[in-house]
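Worksheet: the structure to be examined is printed underneath.
Residue numbers start from 1 in every chain, and the chains themselves are labelled A, B, ... in the order their sequence lines are given, proteins ahead of strands.
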Amino acid sequence: MVDAANTVTPDRQRVELAALSAPAVLFTLAMIAFPLAYTVWLGFHAFSSTGRQSFTGLGNYSKLIADTEFWHGLWVTLALYLLSLVLQLVLGIWLAMLLFNAKRLPGIVRSLFISPFMMPPVVAGLMWLVILDPSLGAANYILQAAGLPPSDWLASPIWVIPTIALIDTWQWAPYVALIVLGGLQSLPASVYEAAQIDGASAFTTFRRITLPLLLPTIVTAVILRSVDLLRFFDIIYITTQGGPGNASNTLNIYGFRVGFEFFNIGYASALMLTLTVIVFGVVLAFNRLRGAVAW
Amino acid sequence: MSRSAWATHIAVTVAALGAAPTAASAADFDWKRFQGKTVTFLANNNPVAQALLTNKADFEKLTGITLKVDGYQEQQMRQRLVTVMNARSDEVDVFMTLPSREGEQFAAAGWYGDLSAMAKNQAAKEYDFAGLSQALLKAGTFGGKLTSMPMNIEGPILYYRTDILAKCGVEKPATIKDVEAAAQKIKACDAAITPFVSRGLKPAVAYTFSNMLHNMGGSYMANGKSNLCSPRGKEALDTYSRLLRDYGPPGVVNYSFQQISALYRSGRAAMSFESSNELRTVMEGGERLKDTGLMPFPAGEAGLVPTAIGWGMAVSAFSKQQDAAWYFVQWATSPEIQKRMAVQGIAPPRPAVANDPEYRKWIDEQPVRKQWQAALDLLATKGSSEVGYPIVANPESREFIGQAVQDLILKQKTLDQACADADKGLDALIAQK
């Protein structure tokens, strides 16, 4: 016989679940909604150089549209994003295939392969700053030893973006590899057996089977890297601070400088909200793509 | 004595009396007055603060005040300060500040507490307010309010390799033209050596460039407008960028004090125009002790107008315990503490400390320290604290100066274009309220 008093009705269960999850929901709201709302509020205000604030409505946003530095920052952000993403995907997938097929690779070698992304970006930035120093760094020493001309690396307006993309790729391609490796390990063996019976070459197997089956995993890696790359800050700030000139002045660096060096918090908030919208837009687009390529 | 001279004499005497603590207040001074309180100090983790904080325990013992130190690198410190001050928070009681950079801005924003009355009425007998560098006190005074007390004196000076100059048959440069001539000879004499290095990183350029501009007789502003396209301004831009482009290291556009000191210390630069504060870093390891000479940056058409600035200690306008905070500021900028900091290589902003026998003994230990002190003496007497534009948006003005110099180093613009673009942006900044 069931004790009626101890029976949990669906309504009561809902209330209990709501009560139990309320603190976590409230905490999350406080940590995400409040800063976001405050930034929106700041974006509607103009701050003078002396910190005086006044409501300006969409003034900061119309200023942004006319600001050549904003458009330049957007261009730099997108160029760096696309270059880094492509490099990291190509190298990450290649590295994942290497690790997947080299089953006898010692654990320590595997760990070394994936170690760069465990290094704090500040340490990585400082390390590369020393390596790429045109006068004292190892990079030019190696180039010259190989009979090649030295490069200005981070000091060249032309080479600064590719150089930063290379540093980020060195650090984060292993992370992409780790995600892709997880995807490779979950692929069904039966498909490969069928391909083998049909006499498919290694390249055909990769192009017709591995790559399409890996697409959802790859899109996940793209989403994760997109969020980071569009908000890229640390290594740029440590190595170039947006220079030379404004050649590496991404939106994030520009917003930081406007806010914390020139004290225009309102305009900086408008810049950062615009960047947030871009990040959300890219993530949403890739999320839809992930749905389309799911199997 | 003429009537006007008498009037001046009386005015100066009255001002001096006004500035000095009254006998009664000094006699009544009690270091333990704020025992049990906690003062929060937002510090820039640079050699000045490091030297000061080696004495932290002495302050706490003397006053019974607990000193909570919130230390960051310079940029992060400002970031934290902006956040705290915009929120009008009382989290920070005392903070380090560069009046030459942010003084106008912070004063106009109302972030500085007014130290005028505290320095007058709440100073210990031994504080010797009048003994502080008057130039630096003036640099920290805005709208008649004293906003910070000087912690040190510093400025860019020329470090040069005596052995390389001798090897290449070059005399110690006496003028800016001599610097370029020397660099040219060194380049021809030893291709492995960088003849000249100074700051090329955009936000850092103004610190060294200002010295050259002033030595050449230029000024940042004239008639309320930016003046970089004036003949002197153009000459300074051209000379500074040409020195770095033709005789500087590759990648100089990313060079600030860290890279410059590393290059010079490693023995790969013949002349380095960098901060006097870098002496300790440059001499680390002792390799440059015997082959380095120091001097103020050589003269231009206007003679020697060195840049002289100093870190200051300010009390937050939002601190709820400004009196206790002032006790810390007073202790930290007292003759005794500045003497202790001086023998750790922090140039004192008090002429009396600079003449103290113990400090002189430290100076006399090495010839390079004597030259360093001689250069600092000149900075103290002839220095200008104008680094970048004397406007509220000074930090932003430095961007335009740096951009113009970088455009010329990288040959991205002609001299006329670079200065005109800078002037246009700077005029807009000057017009901002």
At under 4.5 Å between heavy atoms, what parts of [range] are in contact with chain B? List them by residue number.
| range | result |
| --- | --- |
| residues 81-92 of chain A | none |
| residues 29-42 of chain A | none |
| residues 147-157 of chain A | A:D152, A:L154, A:A155, A:P157 |
| residues 231-248 of chain A | A:Y237, A:T239, A:T240, A:Q241, A:P244, A:G245, A:N246 |

What part of B:Q79 lies closer than 4.5 angstrom to a heavy atom of chain A: side chain, backbone, both or neither?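 For B:Q79, backbone and side chain are both near chain A.
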
Which atoms of B:L201 are under 4.5 Å from chain A, going by heavy atoms: the side chain, the backbone, both sets, or neither?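 Just its side chain gets close to chain A.
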
Is it true that A:R257 and B:E399 make a salt bridge, defined as a side-chain N closer than 4.0 Å to a carboxylate O?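 Result for this pair is yes, salt bridge flagged.
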
Do other residues, nucleotides or ligands put more than 12 heavy atoms under 6.0 Å from A:F27 CZ?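 Open: at most 12 neighbouring heavy atoms sit under 6.0 Å from CZ of A:F27.
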
Can you tell me if A:W159 has over 12 outside heavy atoms packed within less than 6.0 Å of its CH2?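 No, not enclosed.
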
Between B:I409, B:L263, B:N394, who has the most heavy-atom pairs with chain A when the cutoff is under 4.5 Å?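 So the answer, after comparing B:I409, B:L263, B:N394, is B:L263.
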
Contact winner vs chain A - B:Q75, B:E102, B:Q412, heavy-atom pairs under 4.5 Å: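 It is B:Q75.
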
Could you tell me if the side chain of B:E396 sits less than 4.5 Å from the side chain of A:E261, heavy atoms only?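 Not in contact.
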
When rounded to the nearest 0.5 angstrom, what is the spacing between CZ in B:R268 and CG in A:L136?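 Here the interatomic distance stands at 5.0 Å.
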
Any chance you could lay out the side-chain contact (heavy atoms from CB on, under 4.5 Å) test for A:F260 and B:R78, step after step, and finish with the verdict? CA-CA 7 Å; A:F260 292 109; B:R78 279 203 190 93; over 6 Å; no

Grab the two heavy atoms, one from B:G251 and one from A:P134, that are nearest each other, plus how far apart they are.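 Taking B:G251 first and A:P134 second, the nearest heavy atoms are CA-CG, 3.8 Å.
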
Could you report the tightest heavy-atom contact between A:F263 and B:P395, atom names first, then the distance?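 Distance-wise, the nearest heavy atoms are CE1-CG, 4.4 Å.
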
Run the side-chain contact (heavy atoms from CB on, under 4.5 Å) test on B:Y255 and A:S135 for me, step by step, so that the C-alpha distance in whole Å, both residues' side-chain angles and the decisive distance to 0.1 Å come before the verdict. CA-CA 11 Å; B:Y255 269 52; A:S135 298; 3.6 Å; yes

Pick one of side chain, backbone, both or neither for A:L129, based on which atoms fall under 4.5 Å of a heavy atom in chain B.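 Contact with chain B: side chain only.
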
